[in-house]
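Naming: A, B, ... by sequence-line order, numbering from 1 per chain. Everything numeric here is computed off the predicted structure, so don't read it as measured data.
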Amino acid sequence: MPVPRSPARPPSSADVADALEEVSRLMELLGENPFKARAYDRGAHAVRHLGDAFAAHVEAHTLASVEGLGKSLVAAIDEFTRTGQLTLLTQLRRQVPPGVMELASVPGLGPRKARQVCAELSISTLGELEYAARENRLLHLKGFGEKTQLRILSALQARRAVSGRCRLDRADAAVALAAAALGSGWPATAVGQVRRRAELCSHVELLCAARDVDAVVVRAAAVLPAARVDGPGAVEFEAAPGVRGTLHVVLPEDAAAAQVFLTGSSAHVDALQAREPAWQLTAHGARRAAERVTFTDETAVYAALGLPWIPPELREDGDAVELARTGRLPRLVELGDLRGALHNHTTLSDGRDTARAMQQAATRMGLEYLGISDHSQSAFYARGLKAEALRAQRDELHSAMRDGGARLWHGVESDILQDGALDYPPEVLRELDFVVASVHSRYQATAQQLTDRLIRAVRNPYTDVLGHPTGRLLLSREGAAFDVAAVLAAAREAGCAMELNAQPQRLDLCVEHLRMCKRLGLKVCINADAHSTAELETLALGVSQARRAGLGRDDVLNTLDHAELQAWLRARRAGATGHTLP
DNA sequence: GCCGTTTTCGGCCCGACTGTTTTCAGTCG
């Protein structure tokens, strides 16, 4: 989507990258030379990667020295930065009916088929596409058949089921934007699903405490997107496309009780309410009969109910209240407990930053160690490493560590092949510090086949961590349908850890499966799966999901310090060399 | 369109799968 921009601000690298990316997608859709389309896409990547250095390149006219930017792209970028327009993009947009870009995003409908349904059936919206599929009109198109039509139909149904929700990282961004729009004079913080750290949010809610409630409401109604006043002290707005947002404004003395009520969930609030039926917790504060009850902060609210403070991540249902009452509230893992992270990528495969840059970023974050695990040889699409390249990487990591800082572990993200084997022979795997094994392809199999494949993978003595186990992509792909309990049990027996992949679109394993790990005593490894230095920050999202599942420090593998993790890995490797491979 | 050169053209990460076709195009990762 084109990013709206104020003319006063010069385009950022992200603005330029978005424009070039759109050019690429439109070219694909129009059936232009695929290599030309790819050149624009690569150019977009190159520009995005420049980040803050982009402005300096523009200033110094040195963009042509950036790999992937030739004469034409430099000229296009020049035009865009000077005028805020891109003639090429405008022309391409004119040739593609609105909505067709969206058609091409439906799984099973690539650029060719999207163009085909548009040209032959005059379809340009998802609604029209679904209607045509229901009427069996797609069947008559060349290259379409019963199964393609069915696949499109179910993809559209799945999409409708998730509409109106957004990922947690986007909800966080919406909270930050709304808070910034209000200004620092009226600080607003997240409540509701966002504060409970729900992986998907259908409602983005903020709370602001202010002496002059009406003034905040007036300001919010003026500055928040698509805002309208919705009752006393409440402003509704559009937090993200199709996602409802609400700003609640209360007097400072009512803020603590309102924060508890608005953070919810309703089941949690009901359980609290049951402990003191004479009280009434509301979005505007607490009342006893007609009398207002005030508190200094949330801890005081819980204390008045005879309870310790309950972390928001545990408020998804009413169960935590009983745990709190009986003193059995778990001590949850915290971001600061993580001593490092395994599973991260570098420029050698599909990452954006070098091992050295990743190491420096990890050092700045206070991590003791960082695992580097680029893709394995079968992952062509991600420029997976042949055995020789993998061996050469070891030297690169050693030299990156010369100046101190976070210790680098040398690993690999090995594809799990169709039969459950790893992607390198034992003599290659044995030289690595650790192995993350992940499925990246051929998800379409029977549940039994997938289960067998994953069980074989976790039983491989070189598999230390099973990466993004279900392969789900939030709002776009369901997790693979296999017997999770059986795979977790096999992993427990083999002593292999499960990944909690912290990428906001994955958050895989999910909370329910993480709870199963805890019950089994199976270690969970919280990994950023970072493809850039910035993505290391996603570890915080992973920690929030571990907390929702009630995981403590001891449940998480990478809370071990360097020496402890080394011992854990060595013990596994010792077991590995003592076994024959399955 | 970019890049590298066997330097002004030719190749561009590519293999597997699926569903359609009846030998292969399109999609995906």
- Query: By side chain to side chain donor-acceptor pair (under 3.5 Å), which residues pair with Arg42(A), not counting sequence neighbours?
  - Reply: none

- How is Gly108(A) classified with respect to the nucleic acid when contacts are heavy atoms under 4.0 Å: base, sugar-phosphate, or nothing? sugar-phosphate

- Query: Over how many whole Å does the gap from Lys386(A) atom NZ to dC13(B) atom P extend?
  - Reply: 14 Å

- Query: What does Pro34(A) touch in the nucleic acid at a heavy-atom separation under 4.0 angstrom: a base, only the sugar-phosphate, or nothing?
  - Reply: nothing

- Among dG1(B), dT20(B), dC12(B), which nucleotide sits nearest the side chain of Ser72(A)? dG1(B)

- Message: Under 3.5 Å, is there a donor on one side chain and an acceptor on the other for Glu413(A) and Ser376(A)?
- Response: no

- Does a donor on one side chain sit under 3.5 Å from an acceptor on the other, for Ser154(A) and Gln157(A)? no

- Residue pair Asp508(A) / Asn501(A), side-chain donor-acceptor N/O under 3.5 Å: no

- Message: Looking at Arg38(A), I'd like to know whether one of its side-chain N or O atoms comes within less than 4.0 Å of OP1 or OP2 on dC13(B).
- Response: yes

- Where the side chain of His440(A) is concerned, which of dG29(B), dC28(B), dC2(B) is the nearest nucleotide? dG29(B)

- Query: Considering only the C1' atoms, how many Å lie between dC17(B) and dT23(B), rounded to the nearest integer?
  - Reply: 16 Å

- Query: Taking for each residue the nucleotide of DNA chain B bearing the nearest heavy atom, is the 5' side occupied by Gly145(A) or by Val74(A)?
  - Reply: Val74(A)

- Message: Distance alone, cut at 3.5 Å: any donor-acceptor contact between the side chains of Ser414(A) and Asp423(A)?
- Response: no

- Spell out, as yes or no, whether a donor-acceptor pair under 3.5 Å connects the side chain of Gln393(A) to the backbone of His410(A). no

- P gap between dT20(B) and dG15(B), integer Å: 25 Å

- Charged N to carboxylate O under 4.0 angstrom, Glu120(A) versus Lys142(A)? no

- Message: Mind checking if Lys71(A) touches a base, just sugar-phosphate, or nothing, with heavy atoms under 4.0 Å?
- Response: sugar-phosphate

- Could you work out the separation of dG1(B) and dT6(B) based on their C1' atoms and round it to a whole Å? 22 Å

- Task: Using the C1' atom on both, measure dT8(B) against dC2(B) and round to a whole Å.
- Result: 13 Å

- Task: Using atom CG of Leu141(A) as one end and atom P of dT21(B) as the other, report the distance to the nearest whole Å.
- Result: 11 Å

- Spacing of Leu473(A) atom CG relative to dC28(B) atom P, expressed in whole Å: 13 Å

- Measure from CD on Gln377(A) to P on dA16(B) and round the result to the nearest Å. 13 Å

- Task: In whole angstrom, give me the gap between the P atoms of dT27(B) and dT21(B).
- Result: 14 Å

- Give the nucleotide from the list dC17(B), dG19(B), dG1(B) with an atom nearest to the side chain of Gln418(A). dC17(B)

- Query: For DNA chain B, whose closest nucleotide is more 5', that of Lys147(A) or that of Pro107(A)?
  - Reply: Lys147(A)

- Task: Output yes when at least one side-chain N/O atom of Thr148(A) is less than 4.0 Å from OP1 or OP2 of dT20(B), else no.
- Result: yes

- Query: Rounded to whole angstrom units, what separation is found between the CD1 atom of Ile77(A) and the P atom of dC2(B)?
  - Reply: 9 Å

- Task: Give the nucleotide from the list dC28(B), dG1(B), dT20(B) with an atom nearest to the side chain of Ala39(A).
- Result: dG1(B)

- Task: May I have the distance from Lys113(A) (atom NZ) to dC28(B) (atom C1'), rounded to whole angstrom?
- Result: 12 Å

- Query: Rounding to a whole Å, what distance do you find between Arg112(A):CZ and dT20(B):C1'?
  - Reply: 16 Å

- Could you check how far CD of Glu67(A) sits from P of dC12(B), rounded to whole Å? 16 Å

- Inter-nucleotide P distance (dC13(B), dT22(B)), Å rounded: 32 Å

- Side-chain contact check for Leu73(A): nearest option of dT27(B), dC2(B), dC12(B) is dC2(B)

- Message: From the set dG29(B), dG1(B), dC28(B), return the single nucleotide nearest to any side-chain atom of Asn33(A).
- Response: dG1(B)

- Query: In the strands shown, is dG19(B) matched to any nucleotide by a Watson-Crick or G-U wobble pair with both distances under 3.5 Å, and which?
  - Reply: dC24(B)

